[in-house]
Asks: 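Take this structure, written in structure tokens, and hold onto it; I'll ask about it next.
Residue numbers count from 1 along this sequence. One-based numbering, in listed order, for ligands and for the atoms of each. Atoms considered below: every heavy atom in the structure, side chains included; atoms not considered: hydrogens, waters and symmetry mates.
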Amino acid sequence: MLTAACKFRNKSGLASTTRVMPFFLSTSATVTPLCPPPSPYPSPHFRLPYLPRRGLAFLAAAASPRTLPPTPRQAMASLATSTAAAAAAEVTHLSQRDAADIDEQLMGPLGFSVDQLMELAGLSVATAVAEVYKLSEHTRVLIICGPGNNGGDGLVAARHLYHFGYKPFVCYPKRTAKPLYSGLVTQLESLAIPFVPVEDLPQDLSGQYDIVIDAMFGFSFHGAPRPPFDDLIQMLVSLSVIGDSAKRPPIVSVDIPSGWHVEEGDVSGGGIKPDMLVSLTAPKLCAKKFTGPHHFLGGRFVPPPISSKYGLELPPYPGTSMCVRIGKVPSVDISSLRENYISPELLETQVMPNPFDQFRTWFDEAVTAGLREPNAMALTTVNKAGKPSSRMVLLKGVDKQGFVWYVKNHHFKQLSIHSNEPPKNLFLMPSLGLVQVHKLR
Ligand SMILES: NC(=O)C1=CN([C@@H]2O[C@H](COP(=O)(O)OP(=O)(O)OC[C@H]3O[C@@H](n4cnc5c(N)ncnc54)[C@H](OP(=O)(O)O)[C@@H]3O)[C@@H](O)[C@H]2O)[C@@H](O)CC1
Ligand SMILES: [K+]
């Protein structure tokens, strides 16, 4: 397996100077642009936040009728619109009654078992958590489980998080004697996942855990929380009042923020303020009051009879994902984005003598590693006046004669590849720790 490089010195003594450019490969190649581009967009992996119907209509109008789906450019142009619209998305919110009805139908005439649904729900929670809170920065996860199925979702999520590489701790003070629950506990014990008694929890959870998952109560919650959940909820309330989210573990609520009224939300205003909510099957009415940065939907099992009976408007799940973000995508502090490019040194003696063979090896690794569109490359050309310009194109082939990519006819005229300065292409393969630069001739 080829690993990342952090420093490379070529024969002429040139060293790469940036942290993200571990390897500089310069070669001669023939440029063969083909036109027009043959493949419609977007690729199956192109991923946008959920677009409510109006947003989809906007995109559909941008594409010619019944022909091509929108190109990435068209899709990106509508991203701001769709993102804002998604905040007020027309996702169906369920009443407590409907949520319980759906539960009954799924596990009655529709043939599901509670184990199945719980497994899918818990898996959704784990994948949503992993999507937002990266393992590199959030390892220790405390899962507080209640006495019902919401607690069961928490037990399942703990198991999946363990297998994803997290270090779960489970607080499960009111165990249910049913075989489903004792089985879930046995599974966690077999993974040596610690069960923490309530009295052993520190009053301030922020020092010991990187994420706290609230799986205490779901849609059957009613009245005021009884012991010991009253204290546990208060513990999470005190956590959520620590303003600086960087100094405390984020709180992830499963289906309902525990203690909230299932339909009216945080009625007193003194309840948990989770950073993330993973609604299951469909959001409940209280989710309209959720103001945290991350709202996801999980429970990818809703069959058409349920959707049509309850008129459910739910976002499509992308690809094979078990969860989908709903609501506004939070704005990111760009300066806080960082990756540690720690990798072994790559020596000139370790690279293949033929740069095309080397490119092919790295490219195959990029595909195997699951990079999205690894054939996307920045193509830079310089016009006769010496003015450089870059654009993203898709590589469509490579052989000993050079690289082949597609551009539209009128774009081809603007490429200026007949100037003295040969064009260069650049591939970014971050998960391999690679940036490859090729000089084309
Ligand atoms: N199809 C779906 O939608 C799916 C749903 N799934 C999940 O199931 C969840 C709903 O599960 P659920 O019905 O077991 O209810 P949930 O809220 O977990 O707990 C009820 C327990 O809490 C107790 N309790 C209630 N109030 C209390 C209070 N004030 N203070 C203290 N205790 C209180 C109550 O006791 P009781 O009042 O009955 O004595 C009972 O023991 C749902 O939100 C979702 O997470 C997924 O697993 C699969 C697919
Ligand atoms: K909950």
Asks: Pull out every atom of ligand 1 sitting under 4.0 Å from any heavy atom of His222, numbered as shown with elements.
Replies: 25 (C), 26 (N), 27 (C), 28 (C), 29 (N), 37 (O)
Asks: Are Arg226 and Asp230 close enough for a salt bridge, meaning some N to O gap below 4.0 Å?
Replies: no
Asks: Indicate whether any N or O donor in one side chain lies under 3.5 Å from an N or O acceptor in the other, for His160 and Glu119.
Replies: yes
Asks: For Gly218, is at least one N or O under 3.5 Å away from an N or O on ligand 1?
Replies: yes
Asks: For the residue pair Phe169 and Tyr209, categorise the inter-ring angle as parallel (less than 30°), tilted (30 to 60°) or perpendicular (more than 60°).
Replies: perpendicular
Asks: With 3.4 Å as the threshold, which protein atoms of type N, O or S lie near the K ion (ligand 2)? Leave waters out.
Replies: Asn150 OD1, Asp214 O, Asp214 OD1, Phe217 O, Val254 O, Ile256 O, Ser258 OG
Asks: Is the closest heavy atom of Leu106 to ligand 1 under 4.0 Å?
Replies: yes
Asks: As a check for students: among Asn149, Ile256, Asp153, Thr281, identify the option with a heavy atom nearest to atom 44 (C) of ligand 1.
Replies: Asp153
Asks: Which residue from Ala121, Pro147, Ser253, Ser220 reaches closest to atom 13 (O) of ligand 1 through any of its heavy atoms?
Replies: Ser220
Asks: For atom 36 (P) of ligand 1, which protein heavy atom lies nearest, and how many Å away is it?
Replies: Arg226 NH2, 3.8 Å
Asks: Quick one: does Phe229 get within less than 4.0 Å of ligand 1, heavy atoms only?
Replies: no
Asks: Establish, yes or no, whether the cationic atom of Arg175 lies under 6.0 Å from the six-membered ring centre of Phe195 and within 45° of the ring axis.
Replies: yes
Asks: Report the nearest protein non-hydrogen atom to atom 5 (C) of ligand 1: residue, atom name, distance rounded to 0.1 Å.
Replies: Phe219 CE2, 3.9 Å
